[in-house]
2 protein chains.
Amino acid sequence: MSQKLEQLSKNQQIVLNLIEKAKGPLKAYSILYNVQKKGIKAPLQVYRALEKLIKIGKIHKIESKNAFIACNNSECEISNATAFSICDNCEHVKEIKNAKLSKYLSNFHDNSGMKFKKYNLEFFGLCKNCKLKQ
Amino acid sequence: MSQKLEQLSKNQQIVLNLIEKAKGPLKAYSILYNVQKKGIKAPLQVYRALEKLIKIGKIHKIESKNAFIACNNSECEISNATAFSICDNCEHVKEIKNAKLSKYLSNFHDNSGMKFKKYNLEFFGLCKNCKLKQ
DNA sequence: TTATAAAATGTTATATTATAACAAACGTTA
DNA sequence: TAACGTTTGTTATAATATAACATTTTATAA
(Lines give C-alpha, C1' and ligand atoms only; values in the text may rest on other atoms or scores of the structure.)
Protein backbone atom coordinates (compact mmCIF):
# COMPACT_ATOMS: atom_id res chain seq x y z
CA MET A 1 0.00 0.00 0.00
CA SER A 2 2.73 2.43 0.90
CA GLN A 3 4.35 1.31 -2.30
CA LYS A 4 1.31 2.40 -4.22
CA LEU A 5 1.61 5.88 -2.81
CA GLU A 6 5.08 6.17 -4.23
CA GLN A 7 4.13 4.73 -7.57
CA LEU A 8 4.35 7.40 -10.17
CA SER A 9 2.31 7.42 -13.33
CA LYS A 10 3.94 7.28 -16.72
CA ASN A 11 4.03 11.00 -17.39
CA GLN A 12 5.07 11.78 -13.86
CA GLN A 13 7.98 9.37 -14.17
CA ILE A 14 9.08 10.78 -17.50
CA VAL A 15 9.10 14.32 -16.16
CA LEU A 16 10.82 13.35 -12.94
CA ASN A 17 13.53 11.44 -14.78
CA LEU A 18 14.32 14.47 -16.87
CA ILE A 19 14.44 16.82 -13.91
CA GLU A 20 16.58 14.47 -11.87
CA LYS A 21 19.22 14.09 -14.51
CA ALA A 22 19.34 17.82 -15.18
CA LYS A 23 22.16 19.87 -13.71
CA GLY A 24 19.93 22.72 -12.69
CA PRO A 25 16.33 23.81 -12.59
CA LEU A 26 14.30 23.30 -15.73
CA LYS A 27 11.47 25.42 -17.06
CA ALA A 28 8.15 23.89 -17.93
CA TYR A 29 8.35 24.43 -21.67
CA SER A 30 11.93 23.27 -21.79
CA ILE A 31 10.72 20.11 -20.11
CA LEU A 32 7.98 19.85 -22.69
CA TYR A 33 10.40 20.07 -25.61
CA ASN A 34 12.56 17.41 -24.05
CA VAL A 35 9.84 14.89 -23.42
CA GLN A 36 8.03 15.16 -26.72
CA LYS A 37 9.89 12.16 -28.00
CA LYS A 38 8.41 10.26 -25.07
CA GLY A 39 4.91 11.08 -26.19
CA ILE A 40 4.08 14.03 -24.02
CA LYS A 41 2.61 16.59 -26.35
CA ALA A 42 0.92 19.37 -24.43
CA PRO A 43 1.87 21.85 -21.70
CA LEU A 44 -0.90 20.59 -19.46
CA GLN A 45 0.58 17.15 -19.38
CA VAL A 46 3.79 18.64 -18.10
CA TYR A 47 2.15 20.97 -15.62
CA ARG A 48 0.02 18.19 -14.24
CA ALA A 49 3.03 15.99 -13.68
CA LEU A 50 4.89 18.89 -12.08
CA GLU A 51 1.98 19.59 -9.77
CA LYS A 52 1.94 16.05 -8.53
CA LEU A 53 5.69 15.83 -8.16
CA ILE A 54 5.71 19.02 -6.12
CA LYS A 55 2.91 17.76 -3.96
CA ILE A 56 4.75 14.61 -3.04
CA GLY A 57 8.00 16.48 -2.53
CA LYS A 58 10.00 14.97 -5.39
CA ILE A 59 10.67 18.35 -6.91
CA HIS A 60 10.46 22.00 -5.91
CA LYS A 61 9.57 25.11 -7.79
CA ILE A 62 12.09 27.92 -7.75
CA GLU A 63 9.58 30.73 -7.64
CA SER A 64 11.87 33.53 -8.70
CA LYS A 65 12.79 31.62 -11.83
CA ASN A 66 9.62 29.73 -12.67
CA ALA A 67 11.70 26.61 -12.82
CA PHE A 68 11.68 23.18 -11.28
CA ILE A 69 14.43 21.28 -9.54
CA ALA A 70 14.70 17.81 -8.06
CA CYS A 71 14.59 17.57 -4.31
CA ASN A 72 17.89 16.48 -2.88
CA ASN A 73 16.94 16.81 0.70
CA SER A 74 15.65 13.85 2.56
CA GLU A 75 14.35 16.13 5.29
CA CYS A 76 11.82 17.95 3.17
CA GLU A 77 9.76 15.06 1.98
CA ILE A 78 6.56 16.88 2.34
CA SER A 79 7.98 19.87 0.60
CA ASN A 80 6.95 22.32 3.25
CA ALA A 81 10.31 23.77 4.16
CA THR A 82 12.56 24.71 1.30
CA ALA A 83 15.61 26.90 0.98
CA PHE A 84 17.78 27.59 -2.03
CA SER A 85 20.89 29.49 -2.95
CA ILE A 86 20.84 31.11 -6.35
CA CYS A 87 23.82 32.62 -8.09
CA ASP A 88 23.00 36.00 -9.63
CA ASN A 89 25.64 35.48 -12.24
CA CYS A 90 25.62 31.90 -13.48
CA GLU A 91 22.15 31.14 -12.17
CA HIS A 92 23.35 28.04 -10.43
CA VAL A 93 20.76 26.85 -7.93
CA LYS A 94 21.37 24.61 -4.98
CA GLU A 95 19.02 23.40 -2.32
CA ILE A 96 20.24 24.31 1.12
CA LYS A 97 20.30 21.57 3.69
CA ASN A 98 20.81 23.06 7.09
CA ALA A 99 19.16 21.66 10.15
CA LYS A 100 19.59 24.82 12.21
CA LEU A 101 18.09 26.99 9.54
CA SER A 102 15.13 24.76 9.00
CA LYS A 103 14.55 24.42 12.70
CA TYR A 104 14.75 28.16 13.14
CA LEU A 105 12.30 28.85 10.36
CA SER A 106 9.92 26.04 11.18
CA ASN A 107 9.59 27.37 14.70
CA PHE A 108 9.31 30.97 13.65
CA HIS A 109 6.13 32.83 14.49
CA ASP A 110 5.37 36.43 13.76
CA ASN A 111 4.35 39.15 16.20
CA SER A 112 0.71 38.24 15.98
CA GLY A 113 1.58 34.69 16.97
CA MET A 114 0.83 33.32 13.54
CA LYS A 115 2.66 30.07 12.97
CA PHE A 116 3.37 28.62 9.58
CA LYS A 117 2.95 25.28 7.92
CA LYS A 118 5.28 25.98 5.07
CA TYR A 119 7.97 28.31 3.90
CA ASN A 120 10.15 28.92 0.92
CA LEU A 121 13.39 30.82 1.15
CA GLU A 122 15.53 31.96 -1.74
CA PHE A 123 18.99 33.38 -1.18
CA PHE A 124 20.83 35.32 -3.87
CA GLY A 125 24.50 36.05 -4.24
CA LEU A 126 27.56 34.96 -6.13
CA CYS A 127 28.59 31.36 -6.00
CA LYS A 128 32.22 30.52 -5.27
CA ASN A 129 33.19 30.19 -8.91
CA CYS A 130 31.64 33.45 -9.97
CA LYS A 131 33.10 35.27 -7.00
CA LEU A 132 36.59 34.19 -8.00
CA LYS A 133 36.14 35.38 -11.54
CA GLN A 134 35.21 38.89 -10.47
CA MET B 1 20.49 66.15 -5.05
CA SER B 2 19.32 63.44 -2.70
CA GLN B 3 15.87 64.74 -3.46
CA LYS B 4 16.41 64.02 -7.12
CA LEU B 5 17.21 60.43 -6.38
CA GLU B 6 13.87 59.95 -4.70
CA GLN B 7 11.94 61.77 -7.38
CA LEU B 8 9.69 59.37 -9.18
CA SER B 9 8.59 59.78 -12.74
CA LYS B 10 4.96 60.23 -13.64
CA ASN B 11 4.22 56.58 -14.41
CA GLN B 12 6.18 55.37 -11.43
CA GLN B 13 4.21 57.67 -9.16
CA ILE B 14 0.88 56.56 -10.60
CA VAL B 15 1.70 52.91 -10.12
CA LEU B 16 3.12 53.42 -6.64
CA ASN B 17 0.06 55.40 -5.53
CA LEU B 18 -2.19 52.58 -6.59
CA ILE B 19 -0.13 49.90 -4.86
CA GLU B 20 0.19 51.92 -1.68
CA LYS B 21 -3.51 52.45 -1.30
CA ALA B 22 -4.31 48.82 -2.03
CA LYS B 23 -5.11 46.50 0.83
CA GLY B 24 -3.04 43.66 -0.53
CA PRO B 25 -0.73 42.74 -3.34
CA LEU B 26 -1.77 43.69 -6.85
CA LYS B 27 -1.11 41.87 -10.08
CA ALA B 28 0.45 43.65 -13.00
CA TYR B 29 -2.56 43.51 -15.28
CA SER B 30 -4.89 44.52 -12.50
CA ILE B 31 -2.65 47.53 -12.03
CA LEU B 32 -2.85 48.19 -15.73
CA TYR B 33 -6.64 48.19 -15.77
CA ASN B 34 -6.69 50.54 -12.82
CA VAL B 35 -4.33 53.11 -14.24
CA GLN B 36 -5.69 53.29 -17.74
CA LYS B 37 -7.72 56.33 -16.82
CA LYS B 38 -4.44 57.97 -15.88
CA GLY B 39 -3.08 57.46 -19.35
CA ILE B 40 -1.03 54.31 -18.93
CA LYS B 41 -1.99 52.10 -21.81
CA ALA B 42 0.40 49.20 -22.18
CA PRO B 43 1.74 46.38 -20.01
CA LEU B 44 5.29 47.51 -20.56
CA GLN B 45 4.59 50.87 -19.00
CA VAL B 46 3.41 49.09 -15.88
CA TYR B 47 6.24 46.57 -15.83
CA ARG B 48 8.83 49.30 -16.25
CA ALA B 49 7.43 51.25 -13.37
CA LEU B 50 7.30 48.11 -11.25
CA GLU B 51 10.89 47.29 -12.06
CA LYS B 52 12.07 50.68 -10.92
CA LEU B 53 9.94 50.68 -7.80
CA ILE B 54 11.30 47.29 -6.84
CA LYS B 55 14.84 48.44 -7.46
CA ILE B 56 14.52 51.38 -5.11
CA GLY B 57 12.70 49.31 -2.51
CA LYS B 58 9.31 51.02 -2.64
CA ILE B 59 7.56 47.79 -3.47
CA HIS B 60 8.26 44.08 -3.40
CA LYS B 61 7.24 41.24 -5.62
CA ILE B 62 5.49 38.32 -3.98
CA GLU B 63 7.05 35.65 -6.13
CA SER B 64 4.63 32.86 -5.35
CA LYS B 65 1.74 35.06 -6.43
CA ASN B 66 3.22 37.19 -9.17
CA ALA B 67 1.93 40.20 -7.35
CA PHE B 68 3.32 43.44 -6.00
CA ILE B 69 2.98 45.00 -2.59
CA ALA B 70 4.12 48.27 -1.06
CA CYS B 71 7.07 48.10 1.27
CA ASN B 72 6.10 48.86 4.83
CA ASN B 73 9.45 48.18 6.32
CA SER B 74 11.86 50.99 6.85
CA GLU B 75 14.65 48.48 7.32
CA CYS B 76 14.57 47.05 3.84
CA GLU B 77 15.10 50.18 1.81
CA ILE B 78 17.32 48.45 -0.63
CA SER B 79 14.94 45.61 -0.94
CA ASN B 80 17.51 42.94 -0.30
CA ALA B 81 15.96 41.23 2.68
CA THR B 82 12.28 40.48 2.49
CA ALA B 83 9.95 38.18 4.37
CA PHE B 84 6.24 37.72 4.05
CA SER B 85 3.44 35.79 5.64
CA ILE B 86 0.80 34.54 3.26
CA CYS B 87 -2.53 33.09 4.26
CA ASP B 88 -3.36 29.96 2.30
CA ASN B 89 -7.04 30.61 2.70
CA CYS B 90 -7.78 34.32 2.29
CA GLU B 91 -4.50 35.12 0.57
CA HIS B 92 -3.79 37.93 2.95
CA VAL B 93 -0.15 38.96 2.67
CA LYS B 94 1.84 40.82 5.26
CA GLU B 95 5.44 41.86 5.27
CA ILE B 96 7.24 40.51 8.30
CA LYS B 97 9.31 42.95 10.27
CA ASN B 98 11.48 41.07 12.65
CA ALA B 99 14.96 42.20 13.50
CA LYS B 100 16.09 38.83 14.78
CA LEU B 101 14.90 37.03 11.71
CA SER B 102 16.51 39.47 9.33
CA LYS B 103 19.73 39.42 11.30
CA TYR B 104 19.74 35.65 11.32
CA LEU B 105 19.15 35.41 7.59
CA SER B 106 21.46 38.22 6.60
CA ASN B 107 24.29 36.53 8.44
CA PHE B 108 23.49 33.09 7.17
CA HIS B 109 26.06 31.31 5.08
CA ASP B 110 25.82 27.86 3.63
CA ASN B 111 28.19 24.95 4.12
CA SER B 112 30.43 26.07 1.31
CA GLY B 113 30.79 29.43 3.00
CA MET B 114 28.75 31.21 0.38
CA LYS B 115 27.27 34.41 1.77
CA PHE B 116 24.32 36.18 0.29
CA LYS B 117 23.47 39.70 -0.72
CA LYS B 118 19.77 39.19 -0.84
CA TYR B 119 17.03 36.87 0.24
CA ASN B 120 13.32 36.47 -0.06
CA LEU B 121 11.31 34.39 2.37
CA GLU B 122 7.67 33.46 2.02
CA PHE B 123 5.81 31.81 4.88
CA PHE B 124 2.48 30.09 4.35
CA GLY B 125 -0.20 29.22 6.85
CA LEU B 126 -3.57 30.35 8.11
CA CYS B 127 -3.97 33.86 9.40
CA LYS B 128 -5.71 34.40 12.72
CA ASN B 129 -9.07 35.08 11.16
CA CYS B 130 -9.05 32.06 8.94
CA LYS B 131 -7.81 29.84 11.73
CA LEU B 132 -10.75 30.83 13.91
CA LYS B 133 -13.24 30.11 11.16
CA GLN B 134 -12.04 26.55 10.73
C1' DT C 1 23.79 77.27 -22.69
C1' DT C 2 24.42 73.78 -25.41
C1' DA C 3 25.84 69.13 -26.07
C1' DT C 4 25.38 64.87 -24.48
C1' DA C 5 24.35 61.17 -21.77
C1' DA C 6 20.95 58.70 -19.02
C1' DA C 7 16.38 57.71 -17.92
C1' DA C 8 11.72 57.46 -19.07
C1' DT C 9 8.01 57.17 -22.43
C1' DG C 10 4.95 55.38 -26.08
C1' DT C 11 3.79 51.76 -29.11
C1' DT C 12 3.25 47.38 -31.55
C1' DA C 13 4.18 42.88 -31.55
C1' DT C 14 5.35 38.69 -29.49
C1' DA C 15 7.33 35.45 -26.08
C1' DT C 16 6.64 32.88 -21.95
C1' DT C 17 4.08 30.75 -18.34
C1' DA C 18 -0.06 28.59 -16.90
C1' DT C 19 -5.00 27.06 -16.71
C1' DA C 20 -10.02 26.00 -18.39
C1' DA C 21 -13.01 22.72 -20.14
C1' DC C 22 -14.31 18.39 -21.73
C1' DA C 23 -14.00 13.51 -23.01
C1' DA C 24 -11.88 9.19 -22.37
C1' DA C 25 -9.03 5.60 -20.20
C1' DC C 26 -7.00 3.44 -16.23
C1' DG C 27 -6.46 1.55 -11.54
C1' DT C 28 -8.35 0.50 -7.14
C1' DT C 29 -11.52 -1.16 -4.16
C1' DA C 30 -16.28 -2.34 -2.59
C1' DT D 1 -19.07 -5.21 -12.21
C1' DA D 2 -19.96 -0.95 -10.48
C1' DA D 3 -18.28 3.08 -8.63
C1' DC D 4 -14.75 6.19 -7.60
C1' DG D 5 -10.66 8.74 -7.91
C1' DT D 6 -6.67 9.60 -10.68
C1' DT D 7 -4.46 10.13 -14.87
C1' DT D 8 -4.47 10.99 -19.70
C1' DG D 9 -5.27 13.36 -24.11
C1' DT D 10 -6.63 17.38 -26.57
C1' DT D 11 -7.93 22.04 -28.03
C1' DA D 12 -8.27 26.46 -26.83
C1' DT D 13 -7.23 30.38 -24.22
C1' DA D 14 -5.83 33.10 -20.13
C1' DA D 15 -2.27 35.37 -17.60
C1' DT D 16 2.32 37.03 -17.15
C1' DA D 17 6.26 39.26 -19.15
C1' DT D 18 9.69 41.00 -22.59
C1' DA D 19 11.76 42.49 -27.39
C1' DA D 20 12.53 46.05 -30.42
C1' DC D 21 12.37 50.54 -31.97
C1' DA D 22 11.38 55.51 -32.10
C1' DT D 23 10.89 59.51 -29.34
C1' DT D 24 10.92 62.63 -25.41
C1' DT D 25 12.29 64.22 -21.04
C1' DT D 26 15.66 65.03 -17.45
C1' DA D 27 20.19 65.45 -15.46
C1' DT D 28 25.04 66.51 -16.00
C1' DA D 29 28.88 68.82 -17.23
C1' DA D 30 31.84 71.25 -20.83
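Chain naming here is simple, since letters A, B, ... match the order of the sequence lines and numbering starts at 1 in each. For clarity, every value in this text was computed on a predicted model and none was experimentally measured.
Residue Q45(B) has no polar side-chain atom (N or O) positioned under 4.0 Å from OP1 or OP2 of dT9(C). Phosphate proximity of dG10(C) to K10(B): present, with a side-chain N or O under 4.0 Å from OP1 or OP2. Put simply, N66(A) has no side-chain N or O that comes within less than 4.0 Å of OP1 or OP2 on dT16(D). At dA17(D), one or more side-chain N or O atoms of K61(B) fall inside 4.0 Å of OP1 or OP2 (strictly under the cut-off). Contact annotation: N11(A) reaches the phosphate of dG9(D) (side-chain N/O to OP1 or OP2, under 4.0 Å).
Remark: D110(A) engages S112(A) in a side chain to side chain donor-acceptor pair (under 3.5 Å) (not counting sequence neighbours). For K65(A), the side chain to side chain donor-acceptor pair (under 3.5 Å) criterion is met by E91(A), not counting sequence neighbours.
Separating the NZ atom of K52(A) from the C1' atom of dC26(C) is a distance of 14 Å, rounded to the nearest angstrom. Q7(B) places its CD atom 12 Å from the P atom of dT28(D), with the value rounded to the nearest Å. One atom, CG of L50(B), and another, P of dA17(D), lie 9 Å apart when rounded to the nearest Å. In this structure, E51(B) atom CD and dT9(C) atom C1' are separated by 14 Å, rounded to whole Å. With rounding to whole Å, R48(A) atom CZ is found 14 Å from dA21(C) atom P.
Helix-axis bend for the helix from dT1(C)-dA30(D) to dA30(C)-dT1(D): the local axis fitted to the five terminal pairs at one end deviates from that at the other end by 40°, rounded to 10°.
Here the side chain of S9(B) is nearest to one of dT16(D), dT9(C), dA21(C), namely dT9(C). Out of dT18(D), dT9(C), dT8(D), the shortest distance to the side chain of Q12(B) is found at dT9(C). The L44(A) side chain lies nearest to dT11(D) when the options are dA20(D), dT11(D), dA17(D).
The cluster map of Ile, Leu, Val, Met, Phe, Trp and Tyr, joined by side-chain heavy atoms under 4.5 Å apart, puts F108(A) and I86(B) in different clusters. With hydrophobic clusters built from ILVMFWY side chains whose heavy atoms lie under 4.5 angstrom apart, Y33(B) shares a cluster with I59(B).
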Do any side-chain atoms of residues 10-26 of chain B form donor-acceptor pairs under 3.5 angstrom with protein atoms, and if so which ones, sequence neighbours left out?
residue, atom, partner, partner atom, Å
Q12(B), OE1, S9(B), N, 3.0
Q12(B), OE1, S9(B), OG, 3.3
Q12(B), NE2, S9(B), OG, 3.4
Q13(B), NE2, N17(B), OD1, 3.0
N17(B), ND2, Q13(B), O, 3.4

What donor-acceptor contacts under 3.5 angstrom involve side-chain atoms of residues 120-128 of chain A, with partners at least two apart or in another chain?
residue, atom, partner, partner atom, Å
N120(A), OD1, T82(A), OG1, 2.8
N120(A), ND2, E122(A), OE2, 3.1
E122(A), OE1, S64(A), N, 3.2
E122(A), OE1, S64(A), OG, 2.6
E122(A), OE2, E63(A), N, 2.9

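Applying a 4.0 Å cut-off to non-hydrogen atoms, the residues of residues 24-43 of chain A that approach DNA chain C are K27(A), Y29(A), listed by residue number.
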